[in-house]
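To start, the structure under review is shown below, and the notes come after it.
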Amino acid sequence: MDDEIASLEDLRFQSPLKIVEYPDPILRKRNKQIDTFDENLKKLVHEMFDVMYKTNGIGLAAPQVGVNVQLMVFNPAGKRGEGQETVLVNPRVYSYSKETVLFHEGCLSLPRIYADVERPESVKIDARDVNGSRFSVNLSRLPARVFQHEFDHLQGILFFDRTTDEFLETIRVQLEALEKKYEDKTGLPSPEKVEKKEAAAGFGKINH
Ligand SMILES: CSCC[C@H](NC=O)C(=O)N[C@@H](C)C(=O)N[C@@H](CO)C(=O)O
Ligand SMILES: [Fe+2]
């Protein structure tokens, strides 16, 4: 676990939030712990839900909007006013179920790309809420799936890092198109290429 604490500067953001797409290096950076529970954090959370709903998401991690801190929001219903909105600050996993399930997953940072990803069916976590109060919760089914997808973002892992090389071949063209889009937009070489997956995957070894 990364114990570095985010400064006020690290928590600064620009409205309206925009989704950061692969292969932007922001998605692979370390995400710092939050210990400032103020109005700025509440505004960031509110705007994260806004952009998540607007882009047809069901979960969003702070690095996906360019803020490298340990924060995620999700609502498996995907609509404001429906389902349950969850905000997790500095989440930690206590345990994963042995039972795993496959799910067809998409990512707002990899538009229109989907993959079957195997993950534990349920997970026990603890976290702080937006006011800084600690709580524990057991998640299963879709909430557990979304949590694990967002928790990966907080470790710099993208869902295609968890697929087989054979599957990767089937989405290579789409990943390369995103790499070209990044190069055209920034004038910089893509910081990672799909064929260099092994070297570029996150900043830690994937455990399951
Ligand atoms: C199944 S976990 C997906 C979480 C992801 N969050 C951030 O990247 C996300 O919201 N992805 C969307 C593409 C998504 O899953 N949208 C839903 C509802 O439109 C879908 O079924 O595609
Ligand atoms: Fe994602």
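Counting starts at 1 for both ligands and their atoms, in listed order.
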Would you say the ring centroid of F160 lies under 6.0 angstrom from that of Y22? yes

May I ask you to identify the nearest protein heavy atom to atom 7 (C) of ligand 1, giving residue, atom name and distance to one decimal place in Å? G59 O, 3.1 Å

What protein heavy atom sits nearest atom 1 (C) of ligand 1, and how far away is it? E105 CG, 3.6 Å

Test your reading of the structure: does G106 have an N or O sitting under 3.5 Å from an N or O of ligand 1? yes

Would you call the rings of Y114 and H104 parallel, tilted or perpendicular, where under 30° means parallel and over 60° means perpendicular? parallel

Sub-4.0 Å heavy-atom approach of F74 to ligand 1: no

Got an N/O contact under 3.5 Å between I58 and ligand 1? yes

So the atoms of ligand 1 within less than 4.0 Å of a heavy atom of R145 turn out to be 1 (C)

Does R172 have more than 12 heavy atoms from other residues, nucleotides or ligands lying within 6.0 Å of its CZ? yes

Ligand 1 contact by Q64, heavy-atom criterion under 4.0 angstrom: yes

Atom NZ of K181: over 12 foreign heavy atoms under 6.0 Å: no

Any heavy atom of E150 under 4.0 Å from ligand 1? The part involved is side chain

Looking at ligand 1, does any of its N/O atoms fall within less than 3.5 Å of an N/O of G57? no

I need the nearest protein heavy-atom contact for atom 16 (N) of ligand 1: residue, atom name and distance, please. N56 O, 3.0 Å

So is there a nitrogen or oxygen of Y114 less than 3.5 Å from a nitrogen or oxygen in ligand 1? yes

In terms of hydrophobic clustering (I, L, V, M, F, W, Y; side-chain heavy atoms under 4.5 Å; direct or indirect links), are I58 and M48 co-clustered? no

Any protein heavy atom under 4.0 Å from atom 21 (O) of ligand 1? no

For the metal site, I want the angle between atom NE2 of H149 and atom NE2 of H153 with the Fe ion (ligand 2) at the apex, to 10°. 110°

